[in-house]
Amino acid sequence: MIPPEFDYVAPETLDDALTALRDGGGDAKVLAGGHSLLPLMKLRLAAPSLLVDLRKVPGLRGVQRDDGQWRIGAMTRHADLQGNADLGPVGTAAALVSDQQVRNRGTIGGSLAHGDPASDLPVVLLAAEGVVTVTGAGGTREVAAADLFQDYLTTAIGDDEILTEVRVPGFEGWGSSYLKFNRRAEDWPMVGVVALVKKAGDGSIEDVRVGLSNMGSTPLRATATEAALRGQGPDAIGSAAEEAAEGTEPPGDLNATPEYKQHLARVLTRRALEEAAA
Ligand SMILES: Cc1cc2nc3c(=O)[nH]c(=O)nc-3n(C[C@H](O)[C@H](O)[C@H](O)COP(=O)(O)OP(=O)(O)OC[C@H]3O[C@@H](n4cnc5c(N)ncnc54)[C@H](O)[C@@H]3O)c2cc1C
């Protein structure tokens, strides 16, 4: 459980952090809360030669309202987000990340940059159609959630880039729910489902978004369920939820077979949609 040797720097500006990352080459890694990276290093599944700690870089932590959206700094901890009702499913999902000890250290930027399809926050960003800001030597760019998660633990963030900010919509007019199924309270979800529902004046479902975690190599949208429900009344939720696992090929693991995960996706989608529509 002892990681290989590595160098460590804690720069005090974003520019210095980017320079350190670039000079460190492909073996340098950003360190945020360390709650995904350090376990991988201790297991010797990752062996970066240099860690660039973002802890002292100013302006990367906090939540701000701006032009109808929420801007969340990359170094904002799960604990800073948990239970914040204004943040809709972001606040709900952050509260369900592991236990308080993990939430006190883990960051939203680290969770998104790590790109684990079983994590709680990536799927919320995907369903909310959020955007991240990424800065590197070539400047700053925006990456939509739909383009961010490319494969298992693989994102569109380059080796020499830093995720600085996360933006999600205001959630006014949307009902939301995030449900995860796990065996122990602090575990990653066997399957997690986020639902967002916007109702029209006549009570029908004007727009709907459903995201699934741990159902493939990236977080996924349940597009068949969304299409089946858009424009329908809430009484169509049961049949639409039956389509939630359409097109998914979840890997089996110690906790669940692929078929059981697909069953969970259908059940949790129905429950999450009912909660969001209510
Ligand atoms: C016991 C335990 C239980 C957990 N349970 C859950 C759970 O139930 N649900 C869940 O979602 N998560 C869980 N986690 C993971 C936790 O949420 C992590 O905190 C999170 O996944 C990573 O955030 P971090 O800030 O710790 O990132 P780090 O571990 O510091 O970094 C993770 C990766 O992202 C990169 N990175 C970090 N920040 C940036 C950035 N700003 N720009 C570019 N790259 C960056 C790093 O280089 C590294 O590759 C658990 C962790 C532990 C230890």
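Just follow the structure's listing: the first ligand is 1, and inside any ligand the first atom is 1. Just so you know, these numbers use all the heavy atoms, side chains as well, and skip hydrogens, waters and symmetry mates. None of the values given here were measured: they were computed from a predicted structure.
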The answer for which part of L163 has a heavy atom under 4.0 Å from ligand 1 is both
Please could you name the atoms of ligand 1 that D187 approaches to less than 4.0 Å, counting only its heavy atoms? 8 (O)
What about G34: any of its N or O atoms under 3.5 Å from an N or O on ligand 1? yes
Check: A32 N/O within less than 3.5 Å of ligand 1 N/O: yes
Exam field: side chain E226 to backbone V210, donor-acceptor pair closer than 3.5 Å: yes
Give me the nearest non-hydrogen protein atom to atom 3 (C) of ligand 1 as residue plus atom name, then the distance to 0.1 Å. S98 OG, 3.2 Å
Looking only at distances, can you tell me whether any N or O atom of T107, backbone or side chain, sits closer than 3.5 Å to an N or O atom of ligand 1? yes
Got M75 and V57 here, is their nearest side-chain heavy-atom distance under 4.5 Å? no
Residues D66 and R167 bridged, charged N to O under 4.0 Å: no
Indicate whether any N or O donor in one side chain lies under 3.5 Å from an N or O acceptor in the other, for T13 and D15. no
For atom 14 (N) of ligand 1, what's the nearest protein heavy-atom neighbour? Residue, atom name and distance, please. W188 CZ2, 3.1 Å
Ligand 1 to L54, heavy atom cutoff 4.0 Å, flagged ligand atoms 41 (N)
Separation of E165 CD from I108 CD1 (nearest 0.5 Å): 10.5 Å
Taking R230 for its side chain and V208 for its backbone only, find out whether a donor-acceptor pair lies under 3.5 Å. yes
Find all atoms of ligand 1 within a distance of less than 4.0 Å from any non-hydrogen atom belonging to D120, and give their numbers and elements. 7 (C), 8 (O), 9 (N), 10 (C), 11 (O)
Does ligand 1 come near enough to A113 that some N or O of the ligand is less than 3.5 Å from an N or O of the residue? no
Main chain of G252, side chain of T257: is a donor-acceptor contact present, judged purely on distance under 3.5 Å? no
Nearest non-hydrogen protein atom to atom 31 (O) of ligand 1, with distance, is L37 CB, 4.0 Å
E161 N/O to ligand 1 N/O under 3.5 Å: no
Quick one: does F6's side chain get under 4.5 Å of K29's, heavy atoms only? no
A93, G73, G109, G106: member with heavy atom nearest to atom 19 (O) of ligand 1: G106
Are any non-hydrogen side-chain atoms of S217 and E249 less than 4.5 angstrom apart? no
Report yes if V30 has an N/O atom closer than 3.5 Å to an N/O atom of ligand 1; otherwise report no. yes
Distance-only, no hydrogens or angles: does the N255 side chain make a donor-acceptor pair with backbone N or O of M190 under 3.5 Å? no
Considering only protein heavy atoms, which is closest to atom 37 (C) of ligand 1, and at what distance to one decimal place? G110 CA, 3.4 Å
So, does H78 sit close enough to ligand 1 that a heavy atom of it is under 4.0 Å from the ligand? yes
Nearest protein heavy-atom contact for atom 2 (C) of ligand 1: which residue, which atom, what distance? V102 CG2, 3.7 Å
Could you list the atoms of ligand 1 found under 4.0 angstrom from a heavy atom of G33? 24 (P), 25 (O), 26 (O), 27 (O), 30 (O)
Can you pull out the closest protein heavy atom to atom 49 (O) of ligand 1? Residue, atom name and distance to 0.1 Å, please. K29 NZ, 3.4 Å
Is the number of heavy atoms from other residues, nucleotides or ligands within 6.0 Å of CD1 (I2) greater than 12? no
Please confirm whether the backbone N or O of A236 pairs with a side-chain atom of S239, one donor and one acceptor, at under 3.5 Å? yes
Considering the heavy atoms of K180, write down every atom of ligand 1 situated less than 4.0 Å from one of them. 8 (O)
Check whether more than 12 heavy atoms from other residues, nucleotides or ligands sit under 6.0 Å from atom CZ of R65, and answer yes or no. yes
Top protein contact for atom 53 (C) of ligand 1, by heavy-atom distance: H35 O, 3.2 Å
Should the heavy atoms of other residues, nucleotides or ligands under 6.0 Å from CD of E186 be counted, would the total exceed 12? yes
Heavy atom of the protein closest to atom 18 (C) of ligand 1 (residue, atom name, distance): S36 OG, 3.5 Å
Within a distance under 4.0 Å of any heavy atom of E186, pick out the atoms of ligand 1 and give their elements. 5 (N), 8 (O)
